[in-house]
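Working notes for the structure below.
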Amino acid sequence: MSDKTRWLLLLCAAQIFIMLVFINYSAVLPLLKSEWGIAFAIAGLGTLTGPLFMAWLRRYPELARMAGEIK
């Protein structure tokens, strides 16, 4: 196996393991909500990330244009 192939496989494996964190968190969110006694918005950090991303898009409107959201 060449070094380039080994590097690519390692990168793919790392990406899979990183994504498992996000997939598992959304699956156990109902259990965390009931066990910790918190709302979904707090557990999912929606109240923090929403305004943060909106402020970021206002600061860099070219990113929103690249995504096709703003003409």
Atom pairs and distances, donor-acceptor, side-chain atoms in residues 3-11, under 3.5 Å, two or more places apart:
{"residue": "Asp3", "atom": "OD1", "partner": "Arg6", "partner atom": "NH1", "Å": "3.1"}
{"residue": "Thr5", "atom": "OG1", "partner": "Ser2", "partner atom": "OG", "Å": "3.0"}
{"residue": "Arg6", "atom": "NH2", "partner": "Met1", "partner atom": "O", "Å": "3.3"}

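No single ILVMFWY cluster, assembled from side-chain heavy atoms under 4.5 Å apart, contains both Trp36 and Leu31.
Here the CG-CD distance, from Leu20 to Gln15, works out to 10.5 Å after rounding to the nearest 0.5 Å.
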